[in-house]
Amino acid sequence: MIDKYSPQEIEPKWRQRWEKDRLYEVSEDDPKPKYYALTMFPYTSGDLHIGHWYAMAPSDVHARFKRMQGYNVLHPMGFDAFGLPAENAAIKRGIHPFTWTMQNVKNMRRQLRSIGAIYDWSREVVSCLPEYYKWTEWFFLKLYEAGLAYRGKAPVNWCPQCQTVLANEQVLGSGFCERCGAAVIRRDLEQWFFRITRYADELLSFDGIDWPERIQIMQRNWIGRSEGTEISFAIDHSGVPEKEIRVFTTRPDTTFGATFMVFAPEHPLVSVLTTPDRKAEVDAYIDKSRHLSEIERLSTEKEKDGVFIGAYCTNRLNGKKVPIWIADYVLLSYGTGAVMGVPAHDERDFLFARKYGIPIPVVIAPPGWQGEALAQAYIEEGTLVNSGQFNGLPSQQALGAISDFLEEKGWGKRTVSYRLRDWLISRQRYWGAPIPMVYCAKCGIVPVPEKDLPVLLPEDAEFKPTGESPLKYHEQFVNTTCPRCGGPGKRETDTMDTFMCSSWYFLRYTSPNVDDAPFDNAKIKFWMPVDLYTGGAEHAVMHLLYSRFFIKALRDIGLLDFDEPFTRLFNQGTIIAEKQKMSKSRGNVITPDEYVNELGADTVRAYLMFLAPWEQGGEWNDSSISGISRWLNRIWQLVLDSYQPNKKLTPDNAENAERELSRFTHQTIRRVTQDMEKLRFNTMLSALMEFTNYLATVKEAGAVAAPAWQETIDILLRLLAPTAPHITEELWQRTAHPYSIHNQPWPQWDETLARDEEITLVVQVNGKLRDRITVPASVSEDELPQLLQEKAARANAYLQGKKVLKRVYVPGRLINFVVK
RNA sequence: GCCGGGGUGGCGGAACUGGCAGACGCGGCGGACUUAAAAUCCGCUGGAGCAAUCCUUGUGGGUUCGAGUCCCACUCCCGGCACCA
């Protein structure tokens with residue numbers, strides 16, 4: 001009698017053994033080809049929920065698969081440990097963010113171990129430790145030296161709840177804070193920025209990397225490249241030195257139709273151009289738009305309004321004077337912060353002009369246009385009218401012709417505009433990497449010298465719910481000496497966006513313990529770039545874009561020699577519960593611990609992979625997981641319960657059965673291997689289930705000799721090892737194999753052995769299935785009539801007395817008779 | 001509004017390049033074992049029909065010997081973007 005499958009006993013036992021033997025530690029001395037398999041490191045929120053498992057278990061399975069395939073696999077784990085929740089906990093419960101975070105790290109390490117992954121813990125990275133953030137600061141200095149970090153005043157997204165600024169990427173489309181959901185408002189602040197826009201064009205290219213189309217599109221849209229022309233409108237205003245206003249347009253072909261000019265309310269020329277009689281109204285409008293929240297201002301439903309500032313400029317193409325307005329639908333940060341209003345051919349301009357009685361002359365005639373007024377803006381192509389020497393040109397051609405003309409005259413220039421803004425990295429919070437800068441009354445902004453890094457976060461900061469960083473009030477932190485002149489200086493009290501920490505952590509895993517550099521160059525050369533990066537798609541335009549920028553910037557600084565951090569990207573879906581996304585507030589969070597305790601990590605791992613395609617995600621279902629548990633139990637029995645060949649087995653029928661067994665085995669190896677490569681874990685597991693179902697019938701019949709059986713079990717266990725590392729290790733040992741199964745090679749399939757000898761040929765009459773016959777796989781078309789005559793009695797009945805008009809034969813699949 | 005992705009049994013999901021729709025699992029039904037139940041094992045399980053057979057992949061059309069798969073129109077769901085001139 002064999003003992004029961006008891007994951008509670010075998011799982012901790014093997015995990016301890018693997019750890020003791022350092023089975024999963026990796027080294028650069030290994031001659032095998034390297035494979036860097038990376039999963040996005042988790043934020044130190046405190047508890048590992050099933051969503052973390054969904055990110056980590058399948059990627060571990062794939063990493064284990066690559067390992068068995070003979071790769072030297074780096075599959076590290078660490079913690080994204082800076083960020084607001086730690087600080088909020090400090091304010092709310094009086095725990096220091098460091099203490100709170102490290103407690104969570106400790107708990108999460110324990111929970112992560114229960115997954116049974118091949119993490120090499122000797123390479124763990126925790127982003128809030130000084131030995132890590134020293135280098136985050138160092139990178140800031142490098143970017144600053146390279147002119148890629150700058151301080152600038154800009155209207156920024158301010159979250160009143162988090163009391164900090166947010167990057168554009170952290171503001172949800174409707175104007176809410178990505179983290180807390182509060183409505184974001186605008187404030188003018190001096191902030192630190194990274195010049196990600198300098199890399200806009202390079203970031204548009206995904207050549208040489210294998211990323212999901214979806215993410216590429218999202219990044220391209222986010223960057224928002226558009227080609228157009230900057231056009232100069234003349235101004236002549238007493239006391240104003242500027243003689244022109246430049247606007248950006250993608251439709252220079254419509255320039256003759258410009259009947260007004262619109263500035264963003266914050267545009268610097270507004271104050272100087274506004275005439276005294278308009279000043280009160282203009283100021284009131286500017287004030288109003290500043291106080292609107294981002295949502296209100298950006299709402300497409302909001303009626304377009306604006307104020308005439310009293311000044312005019314000249315449309316140089318037709319010499320006409322056009323009034324200058326301000327309106328908050330024009331954004332200072334895009335293009336030149338000013339647009340020409342062409343009401344006939346732009347929907348917004350049309351609404352604006354109609355509201356204020358501005359003329360709407362047609363310059364692009366729609367097909368069949370008879371000179372009538374337009375009921376709405378016509379934004380399609382057409383023929384130019386009312387456009388001087390360009391009349392009669394198709395708008396496509398006019399676009400180029402007018403641009404050429406403007407460039408010749410020096411009135412315009414073709415340019416490219418981007419939606420992407422520079423990356424705002426300042427955060428008015430304590431729990432982040434300090435920005436290593438000093439403000440000196442004499443020397444201005446002075447970087448902290450490298451030898452003085454890290455600028456440490458003071459431990460004795462006081463956390464009060466004032467909404468301001470405790471750093472600001474920490475005298476010893478703030479007051480310092482200027483590194484340049486030695487005089488009194490004040491430290492920057494803002495810290496860096498945590499996305500800065502996550503833009504380089506994957507570099508640190510390669511050499512986590514070097515202390516005189518962020519990484520060891522030789523090890524970077526060995527491991528980078530990451531071969532497979534997996535994680536949620538919610539990072540599409542944040543972490544994933546920032547990291548690409550970061551790597552390109554470091555490359556240009558001379559620190560790296562590759563262009564892209566992640567060669568292949570894969571986004572897993574989301575696990576939901578009770579038809580809803582899991583969240584603490586809904587109380588539907590699935591905690592893996594109880595399932596691991598009851599059913600075992602192997603079952604939870606396999607279940608997560610089986611329930612749906614990985615990229616799709618799906619619903620956690622308590623009753624479905626029992627199917628996996630039952631299956632592993634059946635495998636336990638199948639392997640351990642002794643195999644008895646049938647006593648009546650003759651060499652002849654044993655040979656047939658063994659050939660069939662070997663065919664099934666090799667077909668299974670092929671399916672499992674191919675699904676593993678494609679990360680199609682759900683079908684990979686169904687292939688293994690079909691295989692075990694088949695093996696059960698072979699065993700029941702005792703159809704093959706004992707050695708053939710043993711060999712098959714050996715393969716089954718190896719195919720299952722990445723998915724269920726504990727049970728397979730136990731069974732491997734109990735079937736008298738040397739430790740460890742995880743050092744065994746991945747089974748290879750043989751196409752010859754996997755080939756079917758017989759196939760089922762479908763017989764159709766007029767496209768309807770009428771019969772199935774079993775024929776040798778090698779059957780030739782000439783042999784078919786005979787075989788059909790003998791075997792396809794049912795189909796033949798349908799052919800009786802009919803005239804065969806056509807015969808379609810698809811070798812290996814079907815034959816279709818078209819009859820009348 | 002724009003850009004993606006999707007709609008297949010009671011449920012999660014399979015289906016190569018246009019070629020047996022529903023693999024695998026859950027659930028359900030029936031049976032074995034048991035004093036009984038749980039667990040386990042075996043069988044059946046898209047719908048209608050006694051059956052032959054017919055119907056069936058969101059809806060409507062088309063291409064084809066043949067369509068879940070390709071084309072057109074519509075519809076619903078999910079994700080992203082949303083005054084970017």
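Each chain gets a letter, A, B and so on, in the order its sequence line appears, and its residues count up from 1.
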What is the base-pairing partner of [N], counting Watson-Crick and G-U wobble geometry with both distances under 3.5 Å?
| N | result |
| --- | --- |
| rA14(B) | none |
| rA39(B) | none |
| rU53(B) | rA48(B) |
| rG1(B) | rC81(B) |
| rU63(B) | none |

Give the rounded distance in Å between these two atoms: CD1 of I576(A) and C1' of rC11(B).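 Rounded to whole Å, this separation is 13 Å.
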Nearest-Å distance for atom pair CZ/C1', residues F570(A) and rG5(B):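 Taking CZ of F570(A) and C1' of rG5(B), I get 14 Å after rounding.
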Please tell me if K699(A) has a side-chain N or O lying less than 4.0 Å from either OP1 or OP2 of rC41(B). no
N/O (side chain, R680(A)) to phosphate O (OP1/OP2, rA14(B)) under 4.0 Å: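 Answer is yes, contact under 4.0 Å.
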Quick one: sort the W325(A) and F308(A) rings into parallel, tilted or perpendicular, breaks at 30° and 60°.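 It falls in the tilted class, 30° to 60°.
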Would you please name every residue forming a side-chain hydrogen bond (donor to acceptor under 3.5 Å, both in side chains) with T229(A), sequence neighbours left out?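 For T229(A), the residues satisfying side-chain hydrogen bond (donor to acceptor under 3.5 Å, both in side chains) (neighbours in sequence not counted) are S403(A).
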Quick check on rG5(B): syn or anti? Syn means the glycosidic torsion is within 90 degrees of zero.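 Nucleotide rG5(B) adopts anti.
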Could you work out the separation of rG6(B) and rC20(B) based on their C1' atoms and round it to a whole Å?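 These two C1' atoms come out 26 Å apart once rounded.
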Roughly how far apart, to the nearest Å, are rG22(B) and rU75(B) at atom P?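 Comparing P positions in rG22(B) and rU75(B) gives a spacing of 33 Å.
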Given the ring of Y329(A), does R348(A) sit roughly above its face, with NZ or CZ under 6.0 Å from the centre of the six-membered ring and within 45° of the axis? no
W423(A) ring centre to R195(A) NZ or CZ under 6.0 Å, with the angle to the axis within 45°? no
Counting primed atoms plus P, OP1 and OP2 as sugar-phosphate and everything else as base, spell out the protein contacts along nucleotides 20-27 of chain B at 4.0 Å heavy-atom distance: B, S or - for each nucleotide, 5' to 3'. B--BBSSS
Of the residues in residues 218-231 of chain A, which ones touch RNA chain B at a heavy-atom distance under 4.0 Å?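 Under 4.0 Å from RNA chain B: M218(A), S226(A).
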Under the criterion salt bridge (charged side-chain N to carboxylate O under 4.0 Å, His left out), I'd like the reasoning laid out for R755(A) against E757(A): C-alpha separation, chi angles, the key distance, then a yes or no. CA-CA 6 Å; R755(A) 191 170 301 144; E757(A) 285 176 19; over 6 Å; no
Carboxylate-amine/guanidinium contact R246(A) E230(A), below 4.0 Å: yes
